[in-house]
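All values below come from the heavy atoms of this structure, side chains included, with hydrogens, waters and symmetry mates left out. All ligand and atom numbering here is 1-based and tracks the order in the structure.
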Amino acid sequence: MPIAIKNLDAPLGAEVTDIDVSKPLPSADIDAIEAAWRERLVVVFHGQPLSDRQLIAFSRNFGELDPPGPNPYGQPFNKEHPELNVISNVVENGKPIGNLGDGEAVWHADMTYVDVPPKAAILHALEVPPPEAGGNTYFANMFAACESLPADLKKAVEGQIAVHDASRNSAGMLRKGYKEVTDVRETVGAHHPVVRTDPKTGRKALFLGRRPNAYVLGLSVAESEALLDALWAHATQPRFVMCHEWKVGDLLMWNNLSVLHRRDPFDPKTRRVMHRSQIKGNKRIV
Ligand code: OGA
Ligand code: MN
């Protein structure tokens, strides 16, 4: 049976059904998934029990794996497969088994603090809290946000470059080896244009990375803060956003250069365990 792909009733997102991603996929299916990822930015699969090996094999259909960035503890969470990351609040023998804890993960794109950020992330749910316990993940469409910028902001972002902070993860924890930023003009991280042009389609997307410690080069701190606050308020409006409520076996693949995502906090008494891969980007953001 051919796979089926249906747009979600949201400003982004598509759901793929009639598929078993644990098996090798025909190239027509991979092409269709990639087209949905390019066009709809988040691709959702339900009911996919996967081993780490199967998650890796599925991910490799879309490019070379990009290993996780430095976590706060300085050691890979997934010892057997260090190319995978673990996102979890579970603590075993006094040690966290994964990243991001149980608090909010603020709006961000993944690893934009490096020169060539991953182009896709693939997150697989192994254990999730009950629906009422929180932990939903939200995605915002940065093409839609860019296309609907009010004229003053459109003008204000023209040609601007910003620094993307490497020091803290999206849960606000300091990564191993980084110092606290006290002046955003000294933020350490990659420099990227505030508006990205998709090399394939020429479409423009806001490319904001993460708000904490961001700075628009060449502006006064006050001007940079005002511009960034206005851009973030615009970009994260509900009209650009979809919400994902997780079930065990869900697999989400997002277009990391074209969406922002955030996660609600959840009940610390519940367990949430996700394994995750990401796909290397091809070139610097322009
Ligand atoms: C990530 C991430 C959010 C979540 O894996 O990059 O931000 O819902 N995860 O766990
Ligand atoms: Mn993330």
- Does His244 come within less than 4.0 angstrom of ligand 1, counting non-hydrogen atoms of the residue? no

- Task: May I have the angle between His261 NE2 and His108 NE2 with its vertex at the Mn ion (ligand 2), rounded to 10°?
- Result: 90°

- Task: Quickly, which of Pro72, Ser88, Pro68 forms a side chain to side chain contact (heavy atoms under 4.5 Å, CB included) with Asn99? Name it, please.
- Result: Pro72

- Task: For the pair Lys23 and Asp29, find out whether any cationic side-chain nitrogen is under 4.0 Å from an anionic carboxylate oxygen.
- Result: no

- Message: Under 4.0 Å between a side-chain nitrogen and a carboxylate oxygen: does that hold for Lys154 and Glu158?
- Response: no

- Thinking salt bridges, do Arg203 and Asp198 make one under a 4.0 Å N-O criterion? no

- Note on the structure: re atom 1 (C) of ligand 1, the protein heavy-atom contact at minimum distance is Arg276 NE, 3.3 Å

- Message: Less than 4.0 Å is my threshold; does some heavy atom of Arg262 fall inside it relative to ligand 1?
- Response: no

- Item | Atom name in Asp110, limited to N/O/S, at shortest distance from the Mn ion (ligand 2) | OD1

- Message: How far is atom 10 (O) of ligand 1 from the closest protein heavy atom, and which atom is that?
- Response: Arg272 NH1, 2.8 Å

- Applying a strict 4.0 Å limit to heavy atoms, is His261 in contact with ligand 1? yes

- Heavy-atom gap Trp254 to ligand 1 smaller than 4.0 Å: yes

